[in-house]
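One structure below.
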Amino acid sequence: MGFVKGLKCRECGREYSVDPIYVCEFCFGPLEVAYDYDGIKGVLTREKILSRPQNLWRYKELLPIDGEPTSGLNSGFTPLVRADKLGAHLGMKRLYIKDDTVTHPTLSFKDRVVAVALTKAREFGFNTVACASTGNLAHSVSAHGAAGGFKRFIFIPATLEKSKIIASLVYGPNLIAVDGNYDDVNRLCSEVANKYKWAFVNINIRPFYAEGSKTHGYEIVEQLGWRSPDAVVVPCASGSLLTKIWKSFKEMKEVGLINDVNTKVFAAQATGCSPIVAAIKAGVDVIKPVKPNTIAKSLAIGNPADGYYATQVVKESGGFGADVSDKEIIEAIKLLARTEGIFGETAGGVTLASAMKLIESGHIDKEALTVLCITGNGLKTKEAVVGHTGEPYHINPNLKSFEEALEKINSK
Ligand SMILES: *Cc1c(COP(=O)(O)O)cnc(C)c1O
Ligand SMILES: [Zn+2]
């Protein structure tokens with residue numbers, strides 16, 4: 001058995017038993033998983049973690065499952081890349097990339113949340129899984145669900161990038177393209193989830209699903225040699241990942257894996273969909289929903305479920321937020337690729353471009369040990385950089401033609 005005590009309302013603190021539920025019946029606040037940290041302390045030691053396979057389940061005592069994991073056995077434990085070339089470009093001496101562009105099997109951090117959600121769905125006895133997705137979640141539920149033998153219903157906005165639609169269909173789910181934006185899809189899915197008793201990973205399974213994001217943070221701490229960074233820059237859609245990275249650092253302190261947490265948490269969004277950053281900048285607690293208009297479709301949630309909690313984490317930790325234009329996103333995708341050899345998707349461009357603004361404005365100290373969360377792979381959203389990458393040198397298959405091209409290259 002695990003160390004889960006139950007579910008707890010984030011607003012009124014009322015406690016619930018472990019069930020596929022997500023809102024408090026009394027105050028409609030969101031439910032969150034509560035753990036017996038005293039029980040975990042001394043059981044989950046650094047030695048125990050280091051002795052386990054390099055996947056996200058090495059921290060399983062801090063994840064909301066009762067038995068052994070059944071999904072995502074190869075997910076997580078992505079590289080923490082020391083980014084000296086990019087750092088030199090930005091004037092940063094200790095810059096790192098947490099590189100979830102290579103998460104197994106669908107190349108985004110969503111494989112973490114889905115690994116936990118599907119393990120829990122199986123424990124609850126569901127055989128159909130579903131989700132409302134901005135793109136990456138569709139891939140991940142389609143893939144993990146296929147491997148786990150689940151029936152799958154995947155709801156997406158019909159305007160999603162063509163390549164993201166193909167990369168979901170290939171796994172053979174029931175893909176439902178909704179005429180509307182993500183917020184419309186999400187609203188529809190809440191109705192469907194009420195009527196059909198399926199495991200909607202980011203609706204009725206959300207309290208468990210969201211816990212998977214903590215593993216991104218645990219790994220950062222372990223890979224830095226058991227310390228939390230001075231600054232972390234996190235891309236925000238619903239705001240869940242940001243709040244869970246903070247929770248992961250605090251939990252590691254709580255169970256005695258690290259001594260203290262002095263991390264400032266920074267939120268990154270596209271200007272075309274920045275309800276969380278707008279609230280942070282204005283210094284208000286109320287999130288004003290927006291209509292998304294940005295190339296960063298994976299972050300395009302206009303009415304973010306965890307937006308309020310994300311602003312509270314940023315405030316509590318002493319961080320801030322930045323938002324960036326589509327042009328800045330594209331430039332940052334190229335900069336990351338050219339300096340570190342990492343091709344991030346649009347969300348990665350949002351993170352790097354936002355970090356650059358925060359360094360420029362002095363919110364991130366140049367001496368700070370800083371981690372940028374790069375959460376998805378650029379091969380999934382090639383459309384975003386089409387027309388911005390330059391062209392190949394087109395030649396005939398002979399040496400003369402090559403050398404003419406070489407002359408052009410050398411005279412550049
Ligand atoms: C979903 C997603 C995020 C952030 O998600 P939250 O809803 O804020 O937890 C970040 N990056 C990528 C690539 C994503 O797909
Ligand atoms: Zn409540």
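Just follow the structure's listing: the first ligand is 1, and inside any ligand the first atom is 1. Atom set for the values below is all heavy atoms of this structure, side chains included, hydrogens, waters and symmetry mates excluded.
Close approach to Ser240 involves these atoms of ligand 1, each under 4.0 Å from a residue heavy atom: 6 (P), 8 (O), 9 (O). Ligand 1 places these atoms under 4.0 Å from at least one heavy atom of Leu241: 6 (P), 8 (O), 9 (O). Annotation for ligand 1: atoms under 4.0 Å from non-hydrogen atoms of Ala237 are 4 (C), 5 (O), 6 (P), 7 (O), 8 (O).
For the ligand labelled ligand 1, residue Gly239 lies inside the 4.0 Å heavy-atom shell.
Taking the six-membered ring where tryptophan is involved, the planes of Phe109 and His216 are perpendicular, since the angle between them exceeds 60° and thus also 30°.
Ring centroids of Phe126 and Trp198 are separated by 6.0 Å or more, keeping the two rings apart.
At a heavy-atom distance under 4.0 Å, only side-chain atoms of Glu345, from C-beta outward, approach ligand 1. In Ala347, the part holding a heavy atom less than 4.0 Å from any atom of ligand 1 is the side chain. The part of Asn136 lying near ligand 1 is the side chain, judged by heavy-atom distances below 4.0 Å. The part of Leu299 lying near ligand 1 is the side chain, judged by heavy-atom distances below 4.0 Å.
Rounding to the nearest 10°, we obtain 110° for the angle at the Zn ion (ligand 2) between Cys12 SG and Cys9 SG.
The nearest heavy-atom contact from the protein to atom 11 (N) of ligand 1 is Thr375 OG1, 2.6 Å. Ranking protein heavy atoms by distance to atom 3 (C) of ligand 1, first place goes to Phe109 CE2, 3.4 Å.
Taking only nitrogen or oxygen atoms, main chain and side chain alike, Ser238 reaches within less than 3.5 Å of ligand 1.
A salt bridge is absent between Lys162 and Glu383; no separation between the charged side-chain nitrogens and carboxylate oxygens falls under 4.0 Å.
With respect to Glu32, the salt bridge (Lys or Arg N to Asp or Glu O under 4.0 Å) criterion is satisfied by exactly one of Lys8, Arg206, Lys244: Lys244. Applying salt bridge (Lys or Arg N to Asp or Glu O under 4.0 Å) to Glu222 and the options Arg58, Arg52, Arg46, Lys48 leaves one that passes, Arg58.
Side-chain N/O atoms of Glu345 and Ser298 include a donor and acceptor closer than 3.5 Å. If you check the side chains of Lys357 and His363, you find no donor sitting under 3.5 Å from an acceptor.
Here the shortest heavy-atom distance to atom 14 (C) of ligand 1, taken over Lys380, Lys244, His216, Lys110, belongs to Lys110.
Because its NZ or CZ atom is both nearer than 6.0 Å to the ring centre of Phe124 and within 45° of the ring axis, Lys120 counts as a cation-pi partner of that residue.
Remark: Lys151 NZ is loosely packed, at most 12 non-hydrogen atoms of other residues, nucleotides or ligands lying under 6.0 Å away.
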